[in-house]
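This report refers to the structure that appears directly beneath it.
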Amino acid sequence: IEAANADVLIVVGANPTENHPVAATFFKNAVKAGSKLVVMDPRGQALKRHADYMIQHKPGSDVAVLNALMHVIVRENLYDGEYVKSHTDGFEELRSHLSDYSPEEMSEYCGVPADTLRAVARLYGNAKRAMIFWGMGVSQHIHGTDNARCLISLALLTGQIGRAGTGCFLQYSDFSPSELWRHSPV
């Protein structure tokens, strides 16, 4: 994992302390070395002890949280305009869509203070190298496709793709490695 090379790590919809202890160790070591950690999970989890921000949003409000983060990044020009222009399509449509998702508007819906949403957006938007690590809590949900699209959009919007310490990483499963053999097709 490139966690050691990231300035900012976002762990969302995953519980690596329980399900991927080796990955959790990489995150903890990165934090000890100075990386900032954001954990997003309605349930809370042990990794929050190491987090700079623990976003414990209402279940099912992931898209609102992520759109609020992107709203701030676009509104405050924290996005990578050159990367967006060269590698993406539909930015103006995204900008227009995000105008309805201010942290103040989303705070009551998702249960996260607007100031926290702004601070996390600024942290991620100002990072030189940021990484998103997501688990099955993102994808195996009624809004799973929308959740994944928002996380990918967040990374693309800020140009956090294709360099050491950047990108989106999908956790393989939400069961412990010791149970992996039960789910193996072999």
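Between Thr158 and Asp80, the closest side-chain pair of non-hydrogen atoms is not below 4.5 Å. Proximity of Leu156 to Leu154: side-chain heavy atoms (C-beta onward) are nowhere separated by under 4.5 Å. A heavy-atom distance below 4.5 Å is not found between the side chains of Val112 and Ser107. Using a 4.5 Å cut-off on side-chain heavy atoms (C-beta onward), Leu117 and Ser102 make no contact. Side-chain contact between Lys36 and Leu9 is absent, with no heavy-atom pair separated by less than 4.5 Å. Side-chain atoms of Ile10 and Met131, non-hydrogen and from C-beta on, never get closer than 4.5 Å to each other. Contact of the Leu66 side chain with the Tyr101 side chain is not registered, since no non-hydrogen atoms from C-beta on lie closer than 4.5 Å. The closest side-chain heavy-atom distance from Arg43 to Asn15 is below 4.5 Å.
A salt bridge links Arg129 with Asp7: at least one charged nitrogen is closer than 4.0 Å to a carboxylate oxygen. Classification of Arg118 and Glu104 as a salt-bridged pair holds, one side-chain N sitting under 4.0 Å from a carboxylate O. Ion pairing of Glu82 with Lys85 is absent here, as no side-chain N (NZ or NE/NH1/NH2) approaches a carboxylate O to less than 4.0 Å.
For the atom pair CE of Met70 and SG of Cys150, the computed distance is 4.5 Å after rounding to the nearest 0.5 Å. Taking SG from Cys110 and CE from Met40, the interatomic distance works out to 8.5 Å, rounded to the nearest 0.5 Å. Interatomic distance, CG of Asn147 versus OG of Ser61, reported as 9.5 Å (0.5 Å rounding).
The minimum heavy-atom distance linking Val120 with Tyr53 is given by the pair CG2-CG, 3.6 Å. Minimum interatomic distance between Asp100 and Met106 (heavy atoms only, all atoms of both residues): O-CE, 3.9 Å. When all heavy atoms are compared, the tightest approach of Leu151 to Ile132 is O-CD1, 3.6 Å. The minimum heavy-atom distance linking Leu69 with Ala121 is given by the pair O-CB, 3.5 Å. When all heavy atoms of Leu157 and Tyr79 are compared, the closest pair comes out as O-CB, 3.2 Å. What you find for Ala3 and Ser35 is that their closest heavy atoms are O-OG, 4.0 Å.
By the criterion of side-chain heavy atoms lying less than 4.5 angstrom apart, applied directly or through intervening Ile, Leu, Val, Met, Phe, Trp or Tyr residues, Val63 is not grouped with Ile73; the two fall into different hydrophobic clusters. Both Trp134 and Val38 are part of a single hydrophobic cluster, where members link through side-chain heavy atoms under 4.5 Å apart. Val65 and Ile152 fall within a single hydrophobic cluster, where Ile, Leu, Val, Met, Phe, Trp and Tyr side chains are chained together by heavy-atom contacts under 4.5 Å. Transitive grouping of hydrophobic side chains (ILVMFWY, heavy atoms separated by less than 4.5 Å) brings Met54 and Phe133 into a common cluster. Leu123 and Leu78 end up in the same hydrophobic cluster when Ile, Leu, Val, Met, Phe, Trp and Tyr side chains are linked at under 4.5 Å.
Within 6.0 Å of atom OH in Tyr109, 12 or fewer heavy atoms from other residues, nucleotides or ligands are found, so the atom counts as exposed in its surroundings. Shown here is Arg75, whose CZ atom has no more than 12 heavy atoms of other residues, nucleotides or ligands within 6.0 Å. In Arg149, the CZ atom is not crowded: 12 or fewer heavy atoms of neighbouring residues, nucleotides or ligands sit closer than 6.0 Å. Within 6.0 Å of NZ on Lys128 lie no more than 12 heavy atoms contributed by other residues, nucleotides or ligands. In Lys28, the NZ atom is crowded: over 12 heavy atoms of neighbouring residues, nucleotides or ligands sit closer than 6.0 Å. By the 6.0 Å contact criterion, CG on Asn126 is enclosed, its count of non-hydrogen atoms from other residues, nucleotides or ligands being greater than 12.
For the pair Asn67 (side chain) and Leu98 (backbone), a donor-acceptor distance under 3.5 Å is absent. For the pair Gln160 (side chain) and Thr166 (backbone), a donor-acceptor distance under 3.5 Å is absent. The closest donor-acceptor contact from the side chain of Ser96 to the backbone of Glu92 lies at 3.5 Å or more, if one exists at all. One N or O on the side chain of Lys58 and one on the backbone of Glu108 form a donor-acceptor pair closer than 3.5 Å. Looking at Arg49, its side chain never comes within 3.5 Å of a backbone N or O of Gln45 through a donor-acceptor pair.
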